Amino acid sequence: MCCPIELTGATTPTLTKISGCAERRRERRDQSLGTMDWNVPIMDQNLVTTDWNVPTQHRNFAEGLLFLSENWFGPVPLTYIIAHVLWVIQGVYYPILAIVGVPVNIITIVTLTSRNCGLSKCVTHYLVAMSVGDLLVIILDLILRHIPIVYREQFYFLLSVHMCNIHAVLLYAATDCSVWFTITFTFDRFVAICCPKLKSKYCSEKTASVVLGTVTVLSCLKNVFWYFMMSNGYQLANNPWFCYFTTKLLESPVWVTIEFLHHILNPVVPFVLILLLNAFTVRHILVSSRARRRLRTHCSGENPRDPEMESRRKSIILLFVISANFILLWSILMVYSIWIRLYYMGYQSVWLDYFVKELGFMLQLLSCCTNTAIYAVTQTHFRQQLKNVLKSPLSAIPQFVTP
């Protein structure tokens, strides 16, 4: 059995120094686990209660690295390891997404507006609007919100910038526009495919401009109230509402009602509309394709190539890929947003770990950078025009270099 060491005589300073180092090391370890402003309500799931605190609001790249370096092989729950791994991934993922997303959407807008992509003016209007909406979300949400949260120490100056409520209005309005532009495009394609009599009146450049302008105005009006319900101070915290609240809104019936309406209008209603419109479109395509095939076979005695059906098939593929991309990348954040509100209302039958929200944010922001790839894969003319747009700056370089 080891006996306690008595700190006396000449050995006292040395042993005291060693003991002090060990104590400071224990303090750093304890701080990394328990005192980093990590607060999440512990939900009763009839499981063993632990004293761990989960990081819910304040999280960044440095804290994720610190936690993993000290606790990777420690007695830490797997869900906390996953959450901190996502923090570290976000430290690289978000800057790369911003570097790629901004020029990609700008190039897409330039390519589409060149009007050499083989698309109608009506479709081009919707696709350009979707790219503009995605670009605004990347700037307002990714660059001015999530990156400052991940690198909080480098963006503390934002705490002194009194415009968070204005930023909130612009951010949520841009997000609504990005989502509802996708809905208007889906409805336009539904009318073009399933409603031939209405197609000539609705599927026009003028109608597209009116619809897109109306959606933009309504999205801005819908989100003006955030200016009054949020304070003008930044939290730099990964909440759905990243500004300080002006009142105790979480328990307010008014807040609950507004938040529910917000999530219903975006993205619950868009999800339902996209699924319904695509289901009706698929049904109409299957019925009309069989009838058209039987008619052409009966008239010609064989199954000839149908250029109209091939052209329609490309449009359908574009529509379905865009819709599927939106649903897949938005679904996790939508489920978590509804669940957290139900939790605050006392419905705690299902447990969703904190990292689900982090993953939802990452996928939702990714949806703003994927449309260009979708257009390039599904549209031959767009792909060719995209190559021309990318080559044009390179072809102009010799003119400036040659004396």
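Bear in mind the structure is a predicted one, so any value in this text is a computation, not a measurement.
Separating the NE2 atom in H284 from the SG atom in C195 is a distance of 8.0 Å, to the nearest 0.5 Å. Taking CG of N165 as the start and CZ of F228 as the end, the distance is 9.0 Å to the nearest 0.5 Å. Here CE of M130 is found 10.5 Å from OG1 of T108. Values are rounded to the nearest 0.5 Å. Considering CG of L112 and CD1 of I107, their distance stands at 12.0 Å, rounded to 0.5 Å. Between atom CD1 of residue I89 and atom NE2 of residue H84 there is a gap of 13.0 Å, rounded to the nearest 0.5 Å. One distance of note links SG of C243 with CG of N232; it measures 8.5 Å at 0.5 Å rounding.
Looking at N325, its side chain never comes within 3.5 Å of a backbone N or O of V321 through a donor-acceptor pair. A donor-acceptor pair is defined here as one N or O able to donate and one able to accept, closer than 3.5 Å; no such pair exists between the side chain of S204 and the backbone of S200. Checking side-chain atoms of T186 against main-chain N and O of T182 turns up a donor-acceptor pair under 3.5 Å. Of the possible polar contacts, one joining the W180 side chain to the L265 backbone as a donor-acceptor pair under 3.5 Å is found. Here the side chain of N223 pairs a donor or acceptor atom with the backbone of S219 at under 3.5 angstrom.
In this structure the side chain of F326 never reaches within 4.5 angstrom of the side chain of S367, judged on heavy atoms. Between T124 and T113 the shortest side-chain heavy-atom distance does not fall below 4.5 Å. Using a 4.5 Å cut-off on side-chain heavy atoms (C-beta onward), K222 and D176 make contact. Under the 4.5 Å side-chain criterion, counting only non-hydrogen atoms from C-beta, I285 is in contact with I193. Y227 places a side-chain heavy atom less than 4.5 Å from the side chain of I166. Counting heavy atoms from C-beta on, the side chains of Q364 and V137 come closer than 4.5 Å. At least one side-chain heavy atom of L86 sits under 4.5 Å from a side-chain heavy atom of M362. Looking only at side-chain heavy atoms (C-beta outward), F190 and L319 stay at 4.5 Å or farther from each other.
Between W226 and Y172, the ring-plane angle classifies as tilted under the 30° and 60° cut-offs.
Here the shortest heavy-atom pairing between S323 and I274 reads CB-CG2, 3.6 Å. N105 and C369 get closest at one heavy-atom pair: ND2-CA, 4.5 Å. Looking at every heavy atom in both residues, V210 comes nearest to T214 through O-OG1, 2.8 Å. Considering all non-hydrogen atoms of both residues, V356 and I332 come closest at O-CG2, 3.5 Å. In this structure, C164 and Y234 approach most closely via the heavy-atom pair SG-CD2, 3.7 Å. Across I143 and P148, no two heavy atoms sit closer than the pair O-CD, 3.2 Å.
Within the 6.0 Å centre-distance limit, the rings of F187 and Y202 are counted as a close aromatic pair. Between Y151 and Y94, the distance separating the two ring centers is not shorter than 6.0 angstrom. A centroid separation of less than 6.0 Å is found between the aromatic rings of H167 and F242.
Listed by chain and residue number, nothing satisfies the disulfide (SG to SG under 2.5 Å) test with C117 (two or more places apart in sequence, or in another chain).
Heavy atoms of other residues, nucleotides or ligands lying less than 6.0 angstrom from CZ of F225 number more than 12.
Residues T111 and Q385 have side chains that never bring a donor and an acceptor to within less than 3.5 angstrom of each other.
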